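Read the structure below first, then the notes.
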Amino acid sequence: MNRRQYLASATGITIASLSGCLQILASGEISPSREPESVPSSLDCDDNNFDRLSNRGTGEVGDAGSFSLRVNDTSFRYGDTVEITLRNTSFTSEYTATRDHYNILVHTDAGWEEARGVIEGNMDYIDVERRHRPGTVYEWTFELTDSGLVGDNDVLTVCPSLPSGRYRFVYFGTTEPIAVEFDLYRDDQDI
């Protein structure tokens, strides 16, 4: 066998053996490395008309199926901006629901509770399937304030005000819900 034939066959074998193992790498953070410093009590709202959004599950932190979810940092102060990115890490097109299929949960002594809800109206999710090529699927940017977590949505509100503690963003628009975690500190706490 001459040198060119040998190199061609060796390269083909290597590529074939690795093809099932390759994946697009995701950069960013998935969760703080330590336990939360504080765990708030159950989220109780003073407004009797407040209806907390349902918790659609806590999700798998970091990677689930063909998707990865990452956050730009794991420690924030009230008023900071958090950036979250969902990526298709496979080499094929994959499907999700629309970008509004997420929960923002707070770890309380009652478990994971959704921080947002509605006072009047309903939060409706559109069940439409979206096809995504490999790479970035969705990006979310939130100001970590009561009004920042609801953005332009005039139906949603936060109640009570965001406490210090561990938060979990869960995207439930994939076959397997996927999550990232971060800590939020109010001004009276050290990071």
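Reckoned from all heavy atoms, side chains included, excluding hydrogens, waters and symmetry mates. The structure presented is a predicted model; accordingly, all values stated were derived computationally and were not measured.
- In this structure, Leu105 and Trp112 approach most closely via the heavy-atom pair CB-CE3, 3.7 Å.
- Put simply, CG on Asp183 and CZ on Arg77 are 12.0 Å apart, with the number rounded to the nearest 0.5 Å.
- Across Tyr78 and Leu144, no two heavy atoms sit closer than the pair CD1-O, 3.4 Å.
- For an aromatic pair to be called close, the ring centres must be under 6.0 Å apart, and Tyr102 with Phe142 satisfies this.
- For the residue pair Val137 and Arg87, the shortest heavy atom distance occurs at CG2-C, 4.0 Å.
- Formation of a donor-acceptor pair under 3.5 Å by the Thr89 side chain with backbone atoms of Ser66 is found in this model.
- Remark: the Asp146 side chain and the Ser161 side chain contain an N/O donor-acceptor pair separated by less than 3.5 Å.
- The same ILVMFWY cluster, assembled from side-chain heavy atoms under 4.5 Å apart, contains both Val150 and Val155.
- A salt bridge links Asp63 and Arg70; the closest N-O separation between the charged side-chain nitrogens and carboxylate oxygens is under 4.0 Å.
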- Take Glu181 and Arg168, measure what side chain to side chain contact (heavy atoms under 4.5 Å, CB included) needs, and give me the verdict at the end. CA-CA 4 Å; Glu181 296 178 344; Arg168 182 177 272 203; 2.3 Å; yes
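- By the 4.5 Å heavy-atom criterion applied to side chains, Pro163 and Leu43 are counted as neighbours.
- Rounding to the nearest 0.5 Å gives a distance of 9.0 Å between CD of Glu143 and CG of Asp80.
- A 6.0 Å sphere centred on CG of Asp109 holds more than 12 heavy atoms belonging to other residues, nucleotides or ligands.
- Between the Arg99 side chain and the Glu139 main chain, a donor and an acceptor come within less than 3.5 Å of each other.
- Placement of Val170 and Ile84 in two distinct hydrophobic clusters is found when ILVMFWY residues are connected by side-chain heavy-atom separations under 4.5 Å, directly or transitively.
- Under a hydrophobic-cluster definition in which Ile, Leu, Val, Met, Phe, Trp and Tyr are linked whenever side-chain heavy atoms come within less than 4.5 Å, directly or via other members, Val118 and Ile104 are assigned to the same cluster.
- Taking both residues in full, the closest heavy atoms of Ile178 and Gly62 are given as CD1-O, 3.4 Å, listed atom of the first, atom of the second, then distance.
- With values rounded to the nearest 0.5 angstrom, Leu184 atom CG is found 10.0 Å from Thr145 atom OG1.
- In the hydrophobic clustering of this structure, Phe182 groups with Trp140; members are Ile, Leu, Val, Met, Phe, Trp, Tyr whose side-chain heavy atoms approach within less than 4.5 Å, directly or through other members.
- Between Arg166 and Arg34 the shortest heavy-atom distance is NH2-O, 2.7 Å.
- Atoms CG and OH, on Asn103 and Tyr171 in that order, are 12.0 Å from each other to the nearest 0.5 Å.
- At a cut-off of 3.5 Å, with distance as the only test, no side-chain donor of Asp73 or Ser75 sits close to an acceptor on the other residue.
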- Message: Asn88 vs Arg133, test: side chain to side chain contact (heavy atoms under 4.5 Å, CB included). Steps then yes/no.
- Response: CA-CA 7 Å; Asn88 172 359; Arg133 293 182 178 160; 5.8 Å; no
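- Taken to the nearest 0.5 Å, the OG1 atom of Thr175 stands 7.5 Å off from the CZ atom of Phe67.
- Linking Ile, Leu, Val, Met, Phe, Trp and Tyr whenever their side-chain heavy atoms come within less than 4.5 Å leaves Ile30 and Val71 in two separate clusters.
- For the atom pair CG of Leu86 and OG1 of Thr174, the computed distance is 7.0 Å after rounding to the nearest 0.5 Å.
- For the pair Val106 and Ala115, the tightest heavy-atom approach, listed with the atom from each and the gap, is CG2-CB, 3.9 Å.
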- Item | Derivation of the side chain to side chain contact (heavy atoms under 4.5 Å, CB included) call for Leu53 and Leu156 | CA-CA 9 Å; Leu53 294 181; Leu156 290 177; 3.7 Å; yes
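- Counting only heavy atoms from C-beta outward, the side chains of Glu29 and Val180 never approach each other to under 4.5 Å.
- With no hydrogens or angles considered, no side-chain donor-acceptor pair links Glu94 and Thr96 at under 3.5 Å.
- Looking at His107 and Val39, their side chains come closer than 4.5 Å, going by heavy atoms from C-beta outward.
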